[in-house]
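Some notes on the structure that comes next.
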Amino acid sequence: DNYYSHKRNTQNRPPERVENSTILQWKRSTECEASKRGLVFHDVGHGFCVDAFGIDSNHSWFDTDESVIPDKERQYLAMIDGKRGFFHGVPINTNFCMSNPTARCKVVNFVSDYAEGHSNVDLLHVWLADYSNNHCECDECVKKTPSDWYVMLLNEIDEELTSRGTKTKIVFLIYVETLWAPLSEEIKNPDRFVMMFAPFARHYCNAIPNGSVKSDYPPYVRNKIDFPKTLIGYVKHYNDWRNHFKGDCFSFDYHFCWSEYYDLSTLQYSKTINEEIKYYKSLGIDGIVEDGDMRPFLPNGFNLYSYARTLFDISLTNDDIESDYMPYIYGEAYPEFKQILVELSDVISMRYLSQLESKDPRVSRYYNPEVAENITSLLPDILKRGRDVVKRHFNSPVRVQTVSARLFGHYLDLIEGFAAIIKEKALAHDDAAKEIYRKFESDFGKRECEIERYFNHCFFFNSLDNIVFGSPSNTEFVL
């Protein structure tokens, strides 16, 4: 939807209307092409919690008037603060009353009907609602944890699918409330299920843990939870779930959602990705599905390339992959391009952009006058030297090197505008940062048509929006 609506760039590109029927055609075509290639087809995810009650999950994450809730179905939605309805007005963020046998039966039958009617699906994802702290607070639901109710639901789905002779595998998700392993329920037929581990709300700056990880996170408190901010914290939850489920597991990760923009060099983050994939393998995690940008190629595609190569061969170090990729796209000039990338990340570090270097969190999670001073004193010369490198290699004998040099020029312009915003954030001049941001978003959007196959304008400015307009106060990361 964001691609065709040109979200964050409508001042330069009028939105294009795309109907759900057209999207469904594209989806069916993709399914056919996946089947031709022997690929495993994953389907659905969030949505069953409202679809089963006659509410179209295509409303997705948008505010939706509750008039679309059928009167007889409202009783089955989660009750929060004494009211049953959409959670903060959003259908896909709304759970259902999982203790209600009739409500569970409706979900079981809806999932089973879908599985039966889509026999080409290899892995059917049955997730609860998105968001957090949105589970039913009725007298019955509070008697069990969401994970216990979830496992009960999964067992009932398995029983129904078995009775119908449907072989579809079901993917269940450990995410937000269901990070906490069940206390009383157990999956009865593990062969039916695949576990998906989603370590979502974290930064990517910590080293991979050595040795075992102890499970000492806070107990679950309904609708009052917070999440780990490091991979270590999530692994604690993962290990507890592994005591209940020994079957196949993969990760649903967010490497290309926002943090890809926080390492201005691409060299630090690609190393993190390389190491995390290897660590996942050691934990018994059998692969990764990514939620994020499919066009992360500005200034280059090294992060994604390192990710892909490591998935296929965990013996490779990030240095091995760099020596293969970078000289190919930049040619003999690679050391010059690399030097500029490294210097850019020294001026604005990934740790700073990940909210880990505030000089006073009470002022702002981005307050750091030293960063502002570095932008003022160091960045202009780096940009000048970088543009000189681009100019010398603007037309190279090898096509990929010409494209790479020109993309590097766009990247330097992007960083110049980005840094002007970050400078004001580092000084806690939030209003000035917002003003510069709004103009920069529009100005840089003028080149979207030229570079959109390499750069996701919407994703980048979504990430920057979080920095500029996010909460001014810091929160300690839970280890």
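The first residue of the sequence shown is numbered 1, and numbering continues consecutively from there.
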From NZ (Lys83) to CZ (Arg74), nearest 0.5 Å:
5.5 Å
Any donor-acceptor N/O pair, Asn93 side chain to Ala129 backbone, under 3.5 Å:
no
How long is the span from the CG atom in Leu183 to the CD atom in Glu185, to the nearest 0.5 Å?
10.0 Å
Regarding Glu452 and His457, is there a side-chain donor-to-acceptor distance under 3.5 Å anywhere?
no
Just by distance, no angles: are the side chains of Tyr175 and Asp130 close enough, under 3.5 Å, to form a donor-acceptor pair?
yes
I'd like to know whether Glu33 forms a salt bridge (charged side-chain N to carboxylate O under 4.0 Å, His left out) with Arg37, so could you lay out the CA-CA distance, the side-chain angles of the two residues, the decisive distance to 0.1 Å, and finally the verdict.
CA-CA 7 Å; Glu33 295 302 321; Arg37 291 159 177 79; 2.7 Å; yes
How about Tyr4 and Trp26: are their ring centroids closer than 6.0 Å?
yes
Salt bridge Arg222-Glu137, side-chain N to carboxylate O under 4.0 Å:
no
Centroid-to-centroid, Phe227 to Phe200, below 6.0 Å?
yes
is_close_aromatic(Tyr204, Tyr262), centroid dist under 6.0 Å:
no
Please answer whether the main-chain N or O of Arg309 pairs with a side-chain N or O of Asp313 as donor and acceptor at a distance below 3.5 Å.
no
Does this structure show an ion pair linking Lys167 with Asp191, if we count only N-O contacts that are shorter than 4.0 Å?
no
Plane angle bin for Phe444 and Phe461 - parallel if under 30°, tilted between 30 and 60°, otherwise perpendicular:
tilted
Classify the ring geometry of Phe460 against Phe455: parallel below 30°, tilted from 30° to 60°, perpendicular beyond 60°.
tilted
Mind checking ring pair (Phe, Tyr, Trp, His ring centres under 6.0 Å) for Tyr411 and listing every partner two or more places apart, or none if nothing turns up?
none
Quick one about Glu260 and His255 (side-chain donor to acceptor, distance below 3.5 Å, no hydrogens or angles considered), yes or no?
no
Do Phe193 and Phe245 have their ring centres less than 6.0 Å from each other?
no
Exercise: do Asp253 and Tyr307 side chains pair donor with acceptor under 3.5 Å
no
Which word best sums up how the rings of Phe48 and Tyr114 line up, parallel for under 30°, tilted for 30 to 60°, or perpendicular for over 60°?
perpendicular
State whether the side chain of Asn134 and the backbone N or O of Ile80 hold a donor-acceptor pair below 3.5 Å, judged by distance alone.
no
Considering only NZ, NE, NH1 and NH2 on the basic side and carboxylate oxygens on the acidic side, decide whether Lys143 and Glu140 come within less than 4.0 Å.
yes
Any donor-acceptor N/O pair, Arg104 side chain to Met98 backbone, under 3.5 Å
yes
Look at Lys169 together with Asp248 and state whether they make a salt bridge at an N to O cut-off of under 4.0 Å.
no
Please confirm whether His42 and Phe250 have ring centers closer than 6.0 angstrom.
yes
Kindly check if the number of other-residue, nucleotide or ligand heavy atoms within 6.0 Å of NZ (Lys224) is above 12?
no
Sequence neighbours left out, what passes ring pair (Phe, Tyr, Trp, His ring centres under 6.0 Å) with Phe87? Give chain and number order.
Tyr131
For Lys446, does its backbone N or O pair with a side-chain atom of Arg13 as donor and acceptor, under 3.5 Å?
no
Kindly assign one of parallel, tilted or perpendicular to the pair Trp127 and Phe252, based on the angle between their ring planes and the thresholds 30° and 60°.
perpendicular
Where does the angle between the aromatic ring planes of Tyr269 and Phe256 fall among parallel (under 30°), tilted (30 to 60°) and perpendicular (over 60°)?
perpendicular
Assess the side chains of Gln268 and Ser345: does a donor N or O sit below 3.5 Å from an acceptor N or O?
no
Once the angle between the rings of Tyr234 and Phe197 is folded into 0 to 90°, is it parallel (under 30°), tilted (30 to 60°) or perpendicular (over 60°)?
perpendicular
Say whether Glu448 and Asn12, considering side chains only, have a donor N or O and an acceptor N or O under 3.5 Å apart.
no
Nearest 0.5 Å, please: how far is OH in Tyr217 from CG in Leu179?
8.5 Å
